[in-house]
Structure formats: C-alpha cells, structure tokens
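Working notes for the structure below.
For this chain, numbers begin at 1 and follow the sequence in order.
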Amino acid sequence: MSEQDLSAYASMRTTERDQWELHRFDDGYLPIMKGDPPMAEVICDDELAELVITRMLAAGVAVVDDSPAEPPPTT
C-alpha cells in the first residue's frame with residue numbers, strides 16, 4: 001500500500017466529511033456515503049481499509065451503531 005492509495009480516500013475525512021458516516025457492526029466499521037440510496041465504500045485491502053477508517057474516526061466522521069442490540073438477560 002502506498003501513500004497515494006491512502007490519499008485517494010482523503011476527501012472522505014476532509015472536504016466531503018459531512019457526506020460520510022461510519023456504520024459500526026460487530027466486526028468493524030463500514031464507510032457509507034449518505035444519500036438515497038446510501039452507498040457503501042468497500043475497500044478490499046484490509047490494511048488500507050483500517051487506515052482509512054482510523055483517519056475518518058480521528059477526523060470526527062459520524063458513527064452509526066448498526067450492531068444488533070443485546071438481548072435482555074434471561075432469568
């Protein structure tokens with residue numbers, strides 16, 4: 001992975017930050033571009049995806065929790 005690869009996603013945390021959300025699931029985050037319909041940005045390189053998401057979180061991109069709610073305890 002090169003710095004150029006990472007820079008291709010810079011607008012997601014800078015100039016277009018208000019157009020993006022990070023949806024949190026049990027196994028991590030997925031960048032979603034807001035809209036009708038919303039569109040996921042799938043990054044196939046796991047290392048690159050982790051760096052992009054880390055930088056989006058640091059930049060304050062909104063997080064939406066899509067993790068399933070924990071069931072109430074059984075007694």
Problem set entry | Contacts of Tyr29 that satisfy side chain to side chain donor-acceptor pair (under 3.5 Å) - sequence neighbours left out | Arg24
Exercise. Same cluster for Val42 and Leu22 if Ile/Leu/Val/Met/Phe/Trp/Tyr side chains link at under 4.5 Å?
Worked result: no
Problem set entry | Arg17: side chain to side chain donor-acceptor pair (under 3.5 Å) partners, not counting sequence neighbours | none
Exercise. Would Val63 and Met33 show up in the same hydrophobic cluster when neighbours are defined by side-chain heavy atoms closer than 4.5 Å?
Worked result: yes
Problem set entry | Heavy-atom side-chain proximity of Lys34 to Gln19 below 4.5 angstrom | no
For this session: Report yes or no: do Leu57 and Val64 belong to one cluster of Ile/Leu/Val/Met/Phe/Trp/Tyr joined by side chain heavy-atom distances under 4.5 Å?
Result: no
Exercise. Just wondering, more than 12 heavy atoms not from Glu50 lying within 6.0 Å of its CD?
Worked result: no
Problem set entry | side chain to side chain contact (heavy atoms under 4.5 Å, CB included) involving Leu30 - partner list, sequence neighbours excluded | Phe25, Ile32, Ala40
Exercise. Hey, what do you get for OG1 (Thr14) to CE (Met56), rounding to the nearest 0.5 Å?
Worked result: 10.0 Å
Exercise. Does the side chain of Val52 come within less than 4.5 Å of Ile43's, by heavy atoms?
Worked result: yes
For this session: Starting at CG of Asp46, measure out to CG of Leu51 and round the result to the nearest 0.5 Å.
Result: 11.0 Å
Problem set entry | Verdict with supporting geometry, Trp20 and Glu41, side-chain contact (heavy atoms from CB on, under 4.5 Å) | CA-CA 10 Å; Trp20 290 90; Glu41 180 70 33; 3.7 Å; yes
Seminar exercise, completed: CG of Asp26 to CG of Asp65, rounded to nearest 0.5 Å, is 8.5 Å
For this session: Working to the nearest 0.5 Å, report the span between CZ of Arg55 and CE of Met12.
Result: 13.0 Å
